[in-house]
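Notes follow once the structure below has been shown.
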Amino acid sequence: MNKDIFLTNSLGNKKEKFVPIDKNNIGMYVCGPTVYDDPHIGNARPLVVFDILYKVLKCKFGNKSVTYIRNITDVDDKIIKSSLDKKISIEDLTKMVTKNFHKDCNYLFCEKPTEEPKATENISLMIKMTEDLIKKNYAYTNNNHVYFEVKKFKDYGKLSNKNLDELIAGSRVEISENKKNPEDFVLWKPSKDNEPNWDSPWGKGRPGWHLECSVMSKKYLGIKFDIHGGGRDLIFPHHENEIAQSRCANDSDTFANYWVHNGFITISNEKMAKSQGNILKINDFKNKINGQVLRLALISAHYKQPLDWNENLIEQCQKTLNKWYESYVQIEKKVLIPEEYLSPLFDDLNTPGYIANLHKLYEKSQSGKTKDKEVFTSACNFIGLLKDNKNNWLDFKKEKSIISEQEILLKIEERNKARENKNYKLSDKIRDELLDKGVLIEDKDGKTTWKLK
RNA sequence: GGCAACGUGGCGGAAUGGUUACGCAGAGGAUUGCAAAUCCUUGUAUCCGAGUUCGAUUCUCGGCGUUGCCUCCA
């Protein structure tokens with residue numbers, strides 16, 4: 001495809017044409033989960049958004065030209081706290097949550113990233129970067145802690161559009177006796193005996209948050225790379241601090257060229273938060289809803305926009321996919337999607353615009369031509385929809401149905417007898433009862449068929 | 001207080017300096033015992049005020065409102 005890709009770059013906050021450093025070797029780093037608790041629907045959004053960006057980049061530059069790195073943060077204060085709360089060991093906790101995370105990724109039809117490095121497997125590199133920062137006089141040690149001295153980095157605040165004085169005046173900054181300045185952030189800190197720890201020049205301890213992304217992006221993508229992604233909330237302080245560390249440690253004038261951040265999900269217009277008690281885990285949906293439905297819901301708004309999660313949204317997406325599966329065909333060989341239909345995705349990942357095009361392609365495919373159905377199915381597949389074949393889609397509904405096939409057939413027989421006797425009151429009652437249980441009756445050409453809603 | 005984002009029909013949600021996509025819901029019709037499904041037809045929207053302009057929903061400024069971030073966060 002000749003079309004250029006445009007992305008909104010948080011660094012500067014403008015939509016820009018995407019120009020890779022090396023078009024044969026594109027690097028994308030996305031902040032993955034901190035494995036302290038099962039992933040929720042908010043975590044699902046970047047998973048799907050950046051999965052689609054990965055697909056778009058591969059479409060433009062070739063499958064082998066894109067390296068997608070998504071880390072797993074498996075050392076962090078939240079993990080320590082969660083393991084105490086749940087009364088299981090840190091190792092068991094991080095293993096379990098990582099496993100669940102992978103299940104959720106599959107459920108959402110996300111492709112595997114090229115690599116998925118873990119923080120705990122890269123501690124020595126973190127120690128090395130911390131040493132470099134001390135050597136270069138960007139960091140200082142005090143009382144077994146190592147801090148990054150923010151004021152030494154002149155571009156601090158550029159990504160989040162903050163200036164240092166105001167930040168300090170903001171006064172929510174944690175005051176610590178060990179810090180020279182309140183805005184400084186920790187690179188290394190000591191661990192208590194029961195906390196995870198590694199030997200370091202500053203004693204037994206563990207790395208601060210932020211450091212793992214600086215180290216692992218460098219390991220896999222180099223000092224400078226193309227795209228760094230994550231949720232909006234990571235802009236400050238996480239990504240700001242990553243930039244500071246990385247550029248200072250690497251003596252580099254840039255880190256990632258394009259910063260892409262997705263907006264938040266609200267639950268029925270309320271912020272999703274533990275205090276609200278409205279955290280929806282991805283896993284909670286698995287018993288009722290096909291992952292395809294969640295995926296469509298997650299991309300029904302533009303990635304930068306807030307997305308409200310509610311019953312109505314899910315219902316609409318379920319309905320849409322039910323309809324779309326009517327035009328599903330098995331794809332045998334590669335089918336080209338016309339550029340005019342693909343183009344919204346190239347324009348800052350405009351998924352709602354692309355969905356509108358899918359509706360148009362569906363409309364076209366209804367004419368009955370196999371070719372049109374192939375184009376439609378391929379266009380859906382491109383963003384990870386209709387990836388489940390039609391039988392799986394139907395089987396899923398059957399499995400989750402509260403009424404068995406046998407019961408349904410009995411009811412239909414009963415209803416048809418009533419119809420023969422012109423007892424329409426009874427026949428309509430049976431139909432409504434079935435509908436309540438999610439079964440839709442259709443009388444066509446003298447035959448009654450049924451399907452699950 | 002500081003920094004941002006957003007405000008489009010009944011709902012969701014794009015785009016655009018000139019006729020405002022698309023989906024859902026609604027209305028009418030064909031069909032049906034009635035429905036469903038399908039097909040056809042169809043109504044409805046750019047927060048307020050000022051400015052720039054031949055023309056503003058779009059650009060600028062000012063309101064009002066909503067939301068996010070400001071060292072836990074996707």
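In what follows, every chain begins at residue 1, and chains take the letters A, B, ... in the order their sequences are listed.
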Checklist entry - With both distances kept under 3.5 Å, what pairs with B:rU16, Watson-Crick or G-U wobble? => result none
Item to check | Euclidean distance for P, B:rU42 against B:rU20 (whole angstrom) | outcome: 14 Å
Checklist entry - Between B:rA27 and B:rG43, how far is it from one C1' atom to the other, in whole Å? => result 8 Å
Item to check | Presence of donor-acceptor pair under 3.5 Å, side chain of A:Asp308 and base of B:rG12 | outcome: no
Next on the checklist: Can you see whether A:Tyr328 has A:Lys390 sitting over its ring - NZ or CZ less than 6.0 Å from the centre and within 45° of the normal?
Outcome noted: no
Next on the checklist: Just to be sure I understand the rule, does A:Lys453 reach a base, reach only the sugar-phosphate, or reach nothing, if contact means heavy atoms closer than 4.0 Å?
Outcome noted: nothing
Next on the checklist: Test your reading of the model: is there a side-chain donor-acceptor pair from A:Asp226 to the backbone of A:Met28, 3.5 Å cut-off?
Outcome noted: no
Item to check | Counter-base of B:rC72, judged by Watson-Crick or G-U geometry with both distances under 3.5 Å | outcome: none
Item to check | Base of B:rC11 paired with side chain of A:Asn310 (donor-acceptor, under 3.5 Å) | outcome: no
Checklist outcome for this item: B:rC6 -> Watson-Crick or G-U wobble partner, both distances under 3.5 Å, gives B:rG65
Checklist entry - Looking only at atom P, what distance separates B:rA21 and B:rU41, rounded to whole Å? => result 15 Å
Next on the checklist: Between the base of B:rG68 and the side chain of A:Arg232, is one N or O donor paired with an acceptor at under 3.5 angstrom?
Outcome noted: no
Next on the checklist: Looking at A:Glu326 and A:Lys451, is any side-chain nitrogen of the basic one under 4.0 Å from a carboxylate oxygen of the acidic one?
Outcome noted: yes
Checklist entry - Across all strands shown, which nucleotide pairs with B:rA21 by Watson-Crick or G-U wobble geometry, both distances under 3.5 Å? => result none
Checklist outcome for this item: Rounded to whole Å, the NZ-P distance (A:Lys304 to B:rA5) equals 10 Å
Item to check | Counterpart base for B:rU31, defined by Watson-Crick or G-U wobble contacts under 3.5 Å | outcome: none
Item to check | Salt bridge present between A:Asp432 and A:Lys429 (N-O < 4.0 angstrom) | outcome: no
Checklist entry - Does B:rG55 pair with anything, Watson-Crick or G-U wobble, both distances under 3.5 Å, and if so, with which nucleotide? => result none
Next on the checklist: Taking the C1' atom in each of B:rU46 and B:rU8, what is the distance between them to the nearest angstrom?
Outcome noted: 4 Å
Checklist entry - At under 4.0 Å between heavy atoms, what does A:Asp428 touch on the DNA or RNA strands: base, sugar-phosphate, or nothing? => result base
Next on the checklist: Using a strict threshold of under 4.0 Å (side-chain N to carboxylate O), is an ion pair present between A:Asp37 and A:Lys81?
Outcome noted: no
Next on the checklist: Of the options B:rG2, B:rG68, B:rG13, whose atoms approach the side-chain atoms of A:Pro352 most closely?
Outcome noted: B:rG13
